[in-house]
Amino acid sequence: MASSPTPSERGRADEELKAKEAAEQGALPYKWTQTIKDVDITVSVPGNLKGRDLDVKFTKGKLKIGVKGQDPVIDGDLPHPILVDESTWTLETVPEGKEIAVHLDKVNKMEWWAHVVTSAPKIDTSKIQPENSNLSDLDGETRSMVEKMMFDQRQKEMGKPTSDEQKKMDILSQFQSQHPEMDFSNAKMG
């Protein structure tokens, strides 16, 4: 059986993966960033183009960005659905000319995307460092969900039950105390 990699071997492997990922992403004909809630894509185009020269379309599950009469820069299936009515695109003037800026609003606001379209190289979403935000910035329902997730993560790290597992155990314990005549020796939690 192979031994686990040492911390320095793991660090070197992480660096190699990061360099490979950076090279793959750098080779794409567009740039993209994301937050947990949305994805932003920019595509550089010649400065003489106008909005009517562009072919930008998005549906709940597809994205196409390009210049009319040319092969699209992006044309493919999105990895996850978007809110079409909340998503936008603009043509912006930048120092190098112009760029198409596309903003996609994610349906699932609790999920990182590994790529913009399924045909593109993936990034390692487990290495994403989300921007810091304060719990107080969140609405009540989202805040309580995030607090629960944080609590459950700490519980798992300590080898303790999550809030849902604890609730199940409490219900079983209460039921057992109400029914001492029953045998629970073969009861399974799951």
Original post:
Closest approach of Thr59 and Leu78, non-hydrogen atoms and distance?
Top reply: O-CD1, 3.9 Å
Original post:
Hey, is Asp164 close enough to Lys148 for a salt bridge, meaning N to O under 4.0 Å?
Top reply: yes
Original post:
Rounded to the nearest 0.5 Å, what separation is found between the CD1 atom of Ile65 and the CG atom of Asp55?
Top reply: 10.0 Å
Original post:
In terms of hydrophobic clustering (I, L, V, M, F, W, Y; side-chain heavy atoms under 4.5 Å; direct or indirect links), are Leu54 and Ile41 co-clustered?
Top reply: yes
Original post:
Does a salt bridge link Glu24 with Lys20, judged by any charged N lying under 4.0 Å from a carboxylate O?
Top reply: yes
Subject >> Beyond-backbone contact of His115 with Pro79, side-chain heavy atoms, under 4.5 angstrom >> reply: yes
Original post:
Under 3.5 Å, side chain of Gln25 to main-chain N/O of Pro121, donor-acceptor pair present?
Top reply: yes
**OP:** Spell out, as yes or no, whether a donor-acceptor pair under 3.5 Å connects the side chain of Thr90 to the backbone of Glu92.
**Re:** no
**OP:** For Gln34 and Lys106, test the side chains for any donor-to-acceptor distance below 3.5 angstrom and give the result as yes or no.
**Re:** yes
Original post:
Going by heavy atoms in the side chains, are Phe58 and Lys64 under 4.5 Å from each other?
Top reply: no
Original post:
CD1 of Ile171 to CD of Gln166: how many Å apart, nearest 0.5 Å?
Top reply: 10.5 Å
**OP:** Consider only side-chain N and O atoms of Ser87 and Asp105, and report whether a donor and an acceptor are under 3.5 Å apart.
**Re:** no
Original post:
Does a side chain donor of either Asp170 or Ser173 reach within less than 3.5 Å of an acceptor in the other side chain?
Top reply: no
Original post:
Counting N and O atoms only, with roles assigned by atom type, does the side chain of Lys98 sit under 3.5 Å from a partner on the main chain of Asn48, one being a donor and the other an acceptor?
Top reply: no
Original post:
Got a second to check how far Asp53's CG is from Gln70's CD, nearest 0.5 Å?
Top reply: 9.5 Å
**OP:** Report the C-alpha distance between Lys109 and Leu83 in whole Å, list the side-chain angles of each, state the deciding distance to 0.1 Å, and finish with yes or no for side-chain contact (heavy atoms from CB on, under 4.5 Å).
**Re:** CA-CA 11 Å; Lys109 304 213 180 294; Leu83 297 167; 3.9 Å; yes
Original post:
Can we say Asp77 and Lys62 salt-bridge, meaning some charged N sits less than 4.0 Å from an Asp/Glu carboxylate O?
Top reply: yes
Original post:
For Pro72, does its backbone N or O pair with a side-chain atom of Asp75 as donor and acceptor, under 3.5 Å?
Top reply: no
